[in-house]
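What you see below is based on every heavy atom in this structure, not just the backbone, and it leaves out hydrogens, waters and symmetry mates. Counting starts at 1 for both ligands and their atoms, in listed order.
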Amino acid sequence: MANENEKKALHDAMVAYKVPGIQAAVEAARKAGMTPNEIIDALGDGMTEVGVLFERGKLFLPHVLSAAAGMKGALEVLEPEMCAAGDVSAKKESAVMGTVEGDVHDIGKSICSTMLQCAGFDVHDLGRDVPNAQFIEKVKAGCKFCGMSALMTTTMVVQKDVIELLKKEGLRDKVVVMVGGAPVTQAYADKIGADIFGETASETTRKVKEF
Ligand code: B12
């Protein structure tokens with residue numbers, strides 16, 4: 001199948017967690033004609049594998065940090081190209097994105113932010129460990145979409161807290177709430193009353209555009 005070798009090389013370079021190796025695999029994939037989205041998806045698969053190996057004690061924190069740095073570097077390189085290929089004619093709706101309070105995992109959230117931006121959205125990315133009140137302020141300021149990422153079972157509950165806060169402020173009907181992150185499921189999104197659950201950045205962008 002097309003680009004299967006490059007996909008495997010991207011995945012393997014992430015698992016090998018060395019930044020120069022990741023850069024070289026990205027370069028080779030671009031030369032082979034893979035799109036930025038395809039490259040990011042393959043790197044994301046590799047990052048997930050890094051997580052599994054970390055959980056099994058086969059990789060340690062410095063390795064995870066190095067893989068994360070490689071992923072971020074790749075995102076920076078690919079972002080301009082992604083945006084050039086994106087649907088810039090789309091109406092510019094604004095979206096606030098952030099990783100919830102108490103959680104510093106921001107790789108997946110940043111991928112989603114970048115893809116939304118490239119799809120023509122005006123994205124206000126608040127970063128990670130974002131205090132609940134900052135999401136509310138952005139909705140008050142006019143953001144029509146509010147995206148919250150949580151990577152830990154201990155922080156996914158914060159997504160619910162922000163939704164409750166939106167209700168308390170009378171803002172819930174004015175905003176489309178999106179939730180995501182590895183432990184979050186469609187069932188959980190339904191339970192806390194979110195509008196959109198995104199398992200991947202591509203799926204998130206598709207659902208947001210449909211909304
Ligand atoms: C990389 C990583 C780190 C890096 C983070 C670097 C960074 N800048 O993000 C570092 C090393 C800093 C780190 C730290 C910690 N980590 Co960590 N980490 C991971 C790891 C290995 C990978 C996460 C990742 O980047 N995945 C790849 C991305 C591409 O996938 P993703 O985030 O799921 O995103 C996709 C989708 O979910 C979706 N999506 C994501 N966000 C959003 C948002 C919206 C709105 C939507 C719609 C969709 C969406 O789209 C994305 C792209 O397709 C996971 C393992 C795992 N299985 O997830 C553990 C993991 C999440 N970490 C864990 C833990 C415990 C920690 C620490 C507490 C460790 C410690 N003892 O210090 C600290 C956290 C401190 C804190 N307060 O947050 C646990 C959490 C367990 C739990 N309770 O649930 C995990 C599961 C590992 C484990 N089993 O132990 N970690």
Pull out every atom of ligand 1 sitting under 4.0 Å from any heavy atom of [X], numbered as shown with elements.
{"X": "Met178", "value": "45 (C)"}
{"X": "Thr200", "value": "50 (O), 53 (O)"}
{"X": "Asp103", "value": "78 (O)"}
{"X": "Gly181", "value": "37 (O), 39 (N), 40 (C), 41 (N), 42 (C), 49 (C)"}
{"X": "Ala182", "value": "33 (O), 37 (O), 58 (O)"}
{"X": "Leu61", "value": "11 (C)"}
{"X": "Gly102", "value": "76 (C), 77 (N), 78 (O)"}

Please work out whether any backbone atom (N, CA, C, O) or any side-chain heavy atom from C-beta onward of [X] is under 4.0 Å from ligand 1, and answer side chain, backbone, both or neither.
{"X": "Glu55", "result": "side chain"}
{"X": "Val184", "result": "neither"}
{"X": "Val64", "result": "side chain"}
{"X": "Arg128", "result": "side chain"}
{"X": "Asp106", "result": "both"}

| Value rounded to 0.5 Å, distance of CD1 in Ile22 from CE in Met14 | 4.5 Å

Within-shell test, [X] vs ligand 1, heavy atom, strictly < 4.0 Å:
{"X": "Thr48", "answer": "no"}
{"X": "Cys112", "answer": "yes"}
{"X": "Glu199", "answer": "yes"}

Report the nearest protein non-hydrogen atom to [atom]: residue, atom name, distance rounded to 0.1 Å.
{"atom": "atom 26 (N) of ligand 1", "value": "Met47 CG, 3.8 Å"}
{"atom": "atom 20 (C) of ligand 1", "value": "Gly51 CA, 4.5 Å"}
{"atom": "atom 67 (C) of ligand 1", "value": "Met152 SD, 4.5 Å"}
{"atom": "atom 83 (N) of ligand 1", "value": "Thr153 OG1, 3.2 Å"}
{"atom": "atom 6 (C) of ligand 1", "value": "Ala68 CB, 4.1 Å"}
{"atom": "atom 62 (N) of ligand 1", "value": "His105 NE2, 3.1 Å"}

| query | If you look only at pairs with a residue in residues 42-54, which of them pass as a salt bridge (Lys or Arg N to Asp or Glu O under 4.0 Å), with sequence neighbours excluded? | reply | none

